Protein chains: 2
Amino acid sequence: MSGPEKPSRGRKVTSFDVARRAGVSRAAVSRAFTPNASVSPETREKVVKAAKELGYRVNYLARGLTTRRSDFVGVVAAGMDNPFRALQIEQITKSLVRRNFRPILLPADQGESADHVMDQLLHYNVSGVLVTSDAPPTALCAEFAAAGVPIVLINKADTIPSVDRVVSDTNAAGKLAAATLVEAGAKQLAVVAAPGPSYTARCRLQAFMGACYALDVEARVIPVEHNSYREGLAVAEALKGVDGVFCINDYMACGLIDGLRRLGGKVPDDVRVIGHDDIPQASWAAYELTTFRQPCDVQAEQAVSLLISRMDDPTTAERFEVTPVSLVRRATV
Amino acid sequence: MSGPEKPSRGRKVTSFDVARRAGVSRAAVSRAFTPNASVSPETREKVVKAAKELGYRVNYLARGLTTRRSDFVGVVAAGMDNPFRALQIEQITKSLVRRNFRPILLPADQGESADHVMDQLLHYNVSGVLVTSDAPPTALCAEFAAAGVPIVLINKADTIPSVDRVVSDTNAAGKLAAATLVEAGAKQLAVVAAPGPSYTARCRLQAFMGACYALDVEARVIPVEHNSYREGLAVAEALKGVDGVFCINDYMACGLIDGLRRLGGKVPDDVRVIGHDDIPQASWAAYELTTFRQPCDVQAEQAVSLLISRMDDPTTAERFEVTPVSLVRRATV
DNA sequence: TAAAAGAATGCACACGTGCACATCTGTCAT
DNA sequence: ATGACAGATGTGCACGTGTGCATTCTTTTA
């Protein structure tokens, strides 16, 4: 019988085994599985055949040892209760896998600095790191730079040397939010946001307030602890007299709308609400939330591209890409 | 000056460098970073000091080469638009990281078999795989078993040799759903579910119908394509005459409720609705959905435990653990 | 005090692979 | 016919680490 040679009890099958079976040298096996290597078609075929029979698979960890590179990319994320984050992670991992990278997902607890978990990544020769957590790494950035491991921050904080960033167009969102609310007849505006670690939230808030000032409309800042559904729900009663709200993300906006309705308010008749992110729930019939679409598939693609280009050329100055946002008009304004 | 020895331009610092700086052998360095190894406290201290000064980190990939094990665990998931899946992934990865494993996240497209992506994992010496995708791997299971890599399926299909499974208590959920709806006065029951690949969905459906039969209540099966919000929304108009619905998951139940309301129906006055999973949205004020809580943190913990125990002893017969579900009574019934 | 036991350390090999280099073959132009 | 040349193949070293074994040093026991 010519079935699988051995049940290979625990024993791993190596390139040496394949070489012997195919009657070639071990180097030939290596070349057969290396693109653009110098092998004759017949040899390659023999090797592939033997490999299949033995159930051989190239050990990418060992390969990485000699090539000094790995296919791993760290993905640091926090707050997956926010549906936007979940989609973001899905898009990021899909984009990575599509380009033959393996994402190592590290959940960082809300608010906690990413330094702690990221420290682990340096042990695995990751060829890059994507960060989406609220609190970006700071202390470790230098170490990653020294190790030649590029980092790309998505929607995160201030300029860090040799760290690329992808950020959605916060200025456009803030300005357009204010203009849209005013245009719809709102006189007393407010923006709900946590003063916490979320960088884009702060920027949008700032842009919104600036625009309100320019439009000469009264506007208040209503702070919350976290930009979450619960906080949005609770903060509704702090909106007496307000007839136009920019809620810093949809996740919280859903809570805000539920809170307003619970208090007997009508949306958009009494209060106009505008959110940000265009999470799936924003289009749910219960909300029909007017919001800004932040295309996280495009953003993921941008981030991965940035990462790859910096792997190839680590010397370029840090870059800063802005992803456009677009207003999705629904029923809350 | 005694600062960082060299800027280490590209050059990786290895255990050899540390050994030289600490004035010990390379083996001593290895032992200093290996738990329960035979090293004197002084030597360890010298090594750690030198390592810190040089910015040395043990290369876990190389370590895995000699120890023949890696810290990687594959996590195969699909359908992250369903919030339950997102939470599941968060819990699973957290549980893995807590036990010092590194999760490699592989998104499997909806409906697509997991075989395609899982094939990659065998190249990375993963010490285990957790599968949450709808369509579980079938063809590859034997190969993983031969390679000695344990697999644990979460809420997935039928018995596969030497593959452990964790499944929520579908019987209890189906039965209790029927009983609860009848108790609330419903006369015409229905269950909405996709006949597709989701194993637990099928089981719950079956248990529900069985219970209805036992209770001598009329009940219909209303099929959909996918168990998603959109389908739930659309299927509402197919529920003429029905006054009690078991919706196979909350994600779809939210759509169903929105659909019923859009048609002018009252929940729970006209139609009682009961869901499953207790996703965050189920507790949102807009829904207040009565549902079954499936504790995905507990489930993740169970799955990881099962995985680890099988790493240690691969010979045990395949196991099957049932996670209890609990009815969360809210306002839709 | 001598002997035995134990702890600490260094040497050398192994893990599975890629790649530089040397070697060998066959082809084509001169 | 001879040389140059390109392609295919084998040999040997390197990647960074763990660990068995022998050796040395320290402590305990009779």
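This structure is a prediction, so every number in the text was calculated from the model and none was measured. Here is how names work: the chains are called A, B, and so on, in the same order as the sequence lines, proteins then strands, and each is numbered from 1.
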When you get a sec, tell me which of [options] is the closest nucleotide to the side chain of [X]?
X     : options                : value
A:T34 : C:dT17, C:dC19, D:dT9  : C:dC19
B:A27 : C:dG16, C:dC11, D:dT17 : C:dC11
A:S25 : D:dG16, C:dG18, D:dT11 : D:dT11
A:R26 : D:dT17, D:dG12, C:dT9  : D:dG12
B:S40 : D:dG18, C:dG18, C:dA8  : C:dA8
B:S38 : D:dG12, C:dC15, C:dA8  : C:dA8

field: Earlier contact from the 5' end, DNA chain C, for B:A28 and B:A62
entry: B:A28

message: Here's a test of your reading of the structure: between A:Y56 and B:E42, which maps to the more 5' nucleotide of DNA chain C?
response: B:E42

Gap between atoms [atom1] and [atom2], on [X] and [N] respectively (whole Å):
X      : N      : atom1 : atom2 : answer
A:Y124 : D:dG16 : OH    : P     : 18 Å
A:F33  : C:dG18 : CZ    : P     : 10 Å
B:H123 : C:dT17 : NE2   : P     : 11 Å
B:F16  : D:dC15 : CZ    : C1'   : 14 Å
A:L65  : C:dG16 : CG    : P     : 12 Å
A:R31  : D:dG12 : CZ    : C1'   : 12 Å

task: Report which part of the nucleic acid B:S30 touches: base, sugar-phosphate, or nothing (heavy-atom distance under 4.0 Å, all strands).
output: base

- prompt: Does A:R69 make a side-chain donor-acceptor contact with the base of C:dG18, cut-off 3.5 Å?
  reply: no

field: Check: D:dG18 base within 3.5 Å donor-acceptor of B:R68 side chain
entry: no

- request: For D:dA8, take OP1 and OP2 only and decide whether either is under 4.0 Å from a side-chain N or O of A:T43.
  value: no

message: Below the 4.0 Å mark, does C:dC19 have OP1 or OP2 next to a side-chain nitrogen or oxygen of A:T66?
response: no

B:R21 NZ/CZ over B:F16 ring centroid, <6.0 Å and within 45° of normal: no

field: Cation-pi geometry met for A:R63 and A:F33 (6.0 Å, 45°)
entry: no

message: Ring centres under 6.0 Å, that's the criterion: do B:Y60 and A:Y124 meet it?
response: yes

